[in-house]
J.: 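What follows is a structure written as structure tokens; I'll ask about it next.
The chains referred to below are lettered A, B, ... by the order of the sequence lines, with proteins before strands, and numbering in each begins at 1.
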There are 2 protein chains.
Amino acid sequence: MDIKIVDVAAKAGVSPATVSRVLNNNSNVTSKTKDRVMQVIHELGYQPNAAAKNLRSQKTMAIGVIVPEINNSYYAEVIKGIENQAYALKYKVIICDTSNNKEKELEFINLLMNKTVDCMILVTPMMSDDEICHWADLDYSIGIVGRYIEHDKIPCVYTDNVKFSKEVVNHLVEQGHREIAFLSGYADAIDSYERLEGYLKGLREHHIPFRPEWIENGNFNKQGGYEALKRLVEKQVKFTAIYAANDEMALGIYQACGELGIKIPEQLAVIGVDNNRVSRYITPQLSTVNQPKNKMGGAIVDRLIDQLESGEMTENRVIILESQLIVRDSSRNPALP
Amino acid sequence: MDIKIVDVAAKAGVSPATVSRVLNNNSNVTSKTKDRVMQVIHELGYQPNAAAKNLRSQKTMAIGVIVPEINNSYYAEVIKGIENQAYALKYKVIICDTSNNKEKELEFINLLMNKTVDCMILVTPMMSDDEICHWADLDYSIGIVGRYIEHDKIPCVYTDNVKFSKEVVNHLVEQGHREIAFLSGYADAIDSYERLEGYLKGLREHHIPFRPEWIENGNFNKQGGYEALKRLVEKQVKFTAIYAANDEMALGIYQACGELGIKIPEQLAVIGVDNNRVSRYITPQLSTVNQPKNKMGGAIVDRLIDQLESGEMTENRVIILESQLIVRDSSRNPALP
DNA sequence: GTGAGTATTGCAATCGATTTCTTAATAGGT
DNA sequence: ACCTATTAAGAAATCGATTGCAATACTCAC
């Protein structure tokens, strides 16, 4: 049915080898035969069979990407960056959405690494460092977005959670707050841990004694944020500001405050992380931290492909990109000038 | 380096053919040898080489998906539905983001259809019907999301743009409006055309004479919506309600109204399409039309794979899913009970 | 015009799994 | 116990492109 390289070869009066050479490296082919072959290729609309090509050349020109939720805007933006750079480098992108399911994640990794893709990008906050190192030890070519991994062979691109979390605390203190609650995400996600760490360091830098009742968990989703705030209020915890480990939970906080009649930012300052689309449109506008998501995606692709094609470790294994505190109404003290 | 089927065969004391049979159809293998082979497979951690498998079996178990913007929530949700169903049917998903670039789109289609994927899903409002039919005539196995195509071989899943647009107009009329503007998207997008058609039919049903100055173009993006509203006001067009062909443009309308001091919904009723995440959070809450995006993605996968594996056309080539008018504050007449 | 050297091109092996065709082994019936 | 029917397993061809090696054609100098 389909047209094969032998068909092209026959019609052009050359051998399949020559056709292949025309299509690939082009080394040592007369421009006359080259033209003739190209002519036939266009006439017949020939396209090389990818499966055969992959098998023989041991390359697929494909990158696998594993994300927890493709419809979450953070991951969608990272993927966008990956897509763009992959396209520029002539790679295809296979996306695997794990729905936050770790089983699925492992399954995908196994599925893809058998010559389905040349390398993989993990954008997963759930998997442990050890597990990730394990894959790399098996000579799987992988890159990580959003966290740091201590392993020679694994390029990482991320923003410094600890650093920006300290900045968040700093900002809240500047606005006059001394009682600052923290709303964490999944307990086993690396981001939760690091943002908590930054929060604690921030408190310490301002000599604010930490109180355990300030910390609640909201599992990174809106419902979790809503419930967490209600718990805090019910337990009569005293706090004038709250740092949510992502914007999604901050939305839940807004909802709970609405129901409880708590005014933002007058009675409670709120700040999130992610710079979700919604954060700019909600009232009052939500302060947040913006991460260069597109750039992170692009950078990891660059690094991985470079490593893949050069066959050796790239110079800058670890790339830390700057994130940016975006102060909006939800955390601004109206009493200050 | 990697473990191959012959290695497994050797260690298990059988032929490669037997190992293959154990892994695939399992027809005619003693449970004793089967167990032994499985044992060895696990010991060695053998995974079949996908490239070889694809070449020999002429199948890739992969679906290509072409979308204009992966970070647009509408497409992200459709993709999520595709991903889930593909996973259930053991297919992989290759995503191609065209950034609304038609050249790129054609390039991707050619790239993928050469045994890189078994079939493709186009979620593209830009390509013409003729072009799409052209691919199908070349025996490319494709499915369409979001529009109807007149072609035997192409399964389509969509919501009825005309129908819900009439409902939108109907709703606005019920709220007391007779002067209703329409904000279109790209002129060459099928959605723009059909929503306009529904809008016009809606006006006619209510015997409202149509005025050409009511129609503006906003290219489906926020900036376009912003500029379009300003143009309408500048031209002193009279209208008390506006139907934006998507929520994104409605956001632009909100911004323009804010600057011009136009109150929503008191002075202008606004309604969009898409049920964007933002629409629920913006003030006033934006009325919109919700499409079952996940379901659309899942349905097209079902249909395509069914067709692919049965080898014949599925019964329900055309699937029309119900969309749902979501009335919120932006279009509710405060004077009505 | 001849020979050395290089530029083109073809032949055939190869990538790793699947599958058809055979052969060997087992089961079943009388 | 013997012959047939059926099942289990192996040998080898196959999918379609790439590539090392061999062969031929061509160029140029003397």
Side-chain angles (χ1 to χ4, degrees), chain A residues 1-38 40-41 44-62 90 110-118, chain B residues 1-41 44-62 90 110-118 309:
Chain A
M1 196 73 236
D2 287 332
I3 292 156
K4 294 175 289 190
I5 199 169
V6 289
D7 302 325
V8 175
K11 185 156 186 191
V14 297
S15 74
T18 301
V19 177
S20 173
R21 279 190 271 256
V22 168
L23 282 163
N24 299 305
N25 46 335
N26 295 359
S27 75
N28 299 339
V29 191
T30 322
S31 65
K32 193 163 62 167
T33 47
K34 186 176 166 184
D35 290 347
R36 185 152 36 99
V37 170
M38 287 306 278
V40 174
I41 285 174
L44 300 180
Y46 168 73
Q47 292 279 130
N49 179 308
K53 196 165 182 160
N54 293 347
L55 174 58
R56 178 61 229 227
S57 60
Q58 305 283 31
K59 286 213 72 194
T60 62
M61 299 302 281
K90 303 207 178 305
N110 271 314
L111 176 69
L112 293 187
M113 278 321 278
N114 299 281
K115 312 298 173 192
T116 297
V117 297
D118 296 333
Chain B
M1 196 71 236
D2 287 332
I3 291 152
K4 293 174 291 189
I5 199 168
V6 289
D7 303 324
V8 175
K11 184 156 186 193
V14 296
S15 74
T18 301
V19 177
S20 172
R21 279 190 272 257
V22 168
L23 283 162
N24 298 305
N25 47 334
N26 294 358
S27 76
N28 299 339
V29 191
T30 321
S31 66
K32 192 163 64 172
T33 47
K34 185 177 165 183
D35 290 347
R36 183 153 36 97
V37 170
M38 286 307 279
Q39 168 73 14
V40 174
I41 285 173
L44 300 180
Y46 167 72
Q47 293 278 130
N49 179 308
K53 197 166 183 161
N54 293 347
L55 174 57
R56 178 61 231 224
S57 62
Q58 305 282 33
K59 287 214 71 193
T60 61
M61 298 303 280
K90 305 207 176 304
N110 271 313
L111 176 70
L112 293 188
M113 278 320 278
N114 299 281
K115 310 300 171 190
T116 297
V117 296
D118 296 334
E309 298 192 339

J.: Filter on side-chain hydrogen bond (donor to acceptor under 3.5 Å, both in side chains), then keep only pairs touching residues 4-14 of chain B, sequence neighbours left out; what's left?
T.: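 For residues 4-14 of chain B: B:Lys11-B:Glu43.
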J.: B:Thr116: which residues meet the side-chain hydrogen bond (donor to acceptor under 3.5 Å, both in side chains) condition with it, sequence neighbours left out?
T.: none
J.: Rounding to 10 degrees, work out the angle separating the end axes of the helix from C:dG1-D:dC30 to C:dT30-D:dA1 (five pairs an end).
T.: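 Inter-axis angle at the termini of the helix from C:dG1-D:dC30 to C:dT30-D:dA1: 40°.
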J.: Is there a side-chain contact between A:Ser15 and A:Thr18 in this structure, where contact means two heavy atoms from C-beta onward sitting under 4.5 Å apart?
T.: yes
J.: Quick one: side-chain hydrogen bond (donor to acceptor under 3.5 Å, both in side chains) partners of A:Thr33, sequence neighbours excluded?
T.: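 Counting only residues at least two positions away or on another chain, A:Thr33 forms no side-chain hydrogen bond (donor to acceptor under 3.5 Å, both in side chains).
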J.: Could you tell me which residues satisfy side-chain hydrogen bond (donor to acceptor under 3.5 Å, both in side chains) with A:Lys59, sequence neighbours excluded, listed by chain and number?
T.: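 With sequence neighbours excluded, A:Lys59 shows a side-chain hydrogen bond (donor to acceptor under 3.5 Å, both in side chains) to A:Tyr91, given in chain and number order.
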J.: Take the protein atom NZ of A:Lys32 and the nucleotide atom C1' of D:dC26, then report the distance between them rounded to whole Å.
T.: 12 Å
J.: Applying side chain to side chain contact (heavy atoms under 4.5 Å, CB included) to A:Val40 and A:Val19, what does each step give before you reach the verdict?
T.: CA-CA 10 Å; A:Val40 174; A:Val19 177; over 6 Å; no
J.: Just verifying a value: how many Å separate A:Leu23 CG and A:Ile5 CD1, rounded to the nearest 0.5 Å?
T.: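 A:Leu23 atom CG to A:Ile5 atom CD1 measures 6.5 Å (nearest 0.5 Å).
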J.: Under the side-chain hydrogen bond (donor to acceptor under 3.5 Å, both in side chains) rule, what pairs show up with a residue in residues 45-57 of chain B, not counting sequence neighbours?
T.: none
J.: Under the side-chain hydrogen bond (donor to acceptor under 3.5 Å, both in side chains) test, which residues partner B:Thr60, sequence neighbours left out?
T.: B:Asp118
J.: Kindly give the atom pairs (protein nitrogen or oxygen, nucleotide nitrogen or oxygen) under 3.5 Å for nucleotides 11-21 of chain D.
T.:
from: D:dT14; atom 1: O2; to: B:Arg56; atom 2: NH1; distance (Å): 2.5
from: D:dC15; atom 1: O3'; to: B:Gln58; atom 2: NE2; distance (Å): 3.1
from: D:dG16; atom 1: OP1; to: B:Gln58; atom 2: NE2; distance (Å): 3.4
from: D:dG16; atom 1: OP2; to: A:Lys4; atom 2: NZ; distance (Å): 3.4
from: D:dA17; atom 1: OP1; to: A:Tyr46; atom 2: OH; distance (Å): 2.9
from: D:dA17; atom 1: OP1; to: A:Asn49; atom 2: N; distance (Å): 3.2
from: D:dA17; atom 1: OP2; to: A:Ile5; atom 2: N; distance (Å): 2.4
from: D:dA17; atom 1: O5'; to: A:Tyr46; atom 2: OH; distance (Å): 3.2
from: D:dT18; atom 1: OP1; to: A:Asn24; atom 2: OD1; distance (Å): 3.4
from: D:dT18; atom 1: OP1; to: A:Asn24; atom 2: ND2; distance (Å): 2.9
from: D:dT18; atom 1: OP2; to: A:Ser20; atom 2: OG; distance (Å): 2.7
from: D:dT18; atom 1: OP2; to: A:Asn24; atom 2: ND2; distance (Å): 3.2
from: D:dT18; atom 1: O5'; to: A:Ser20; atom 2: OG; distance (Å): 3.4
from: D:dT18; atom 1: O2; to: A:Arg56; atom 2: NH1; distance (Å): 2.7

J.: When you look at A:Val14 and A:Val22, which way does the side chain to side chain contact (heavy atoms under 4.5 Å, CB included) test go after all the steps?
T.: CA-CA 11 Å; A:Val14 297; A:Val22 168; over 6 Å; no
J.: Anything under 3.5 Å between a protein N or O and an N or O of nucleotides 5-8 of chain C, put it in a table, one pair a line.
T.:
from: C:dT8; atom 1: O3'; to: A:Thr30; atom 2: OG1; distance (Å): 2.8

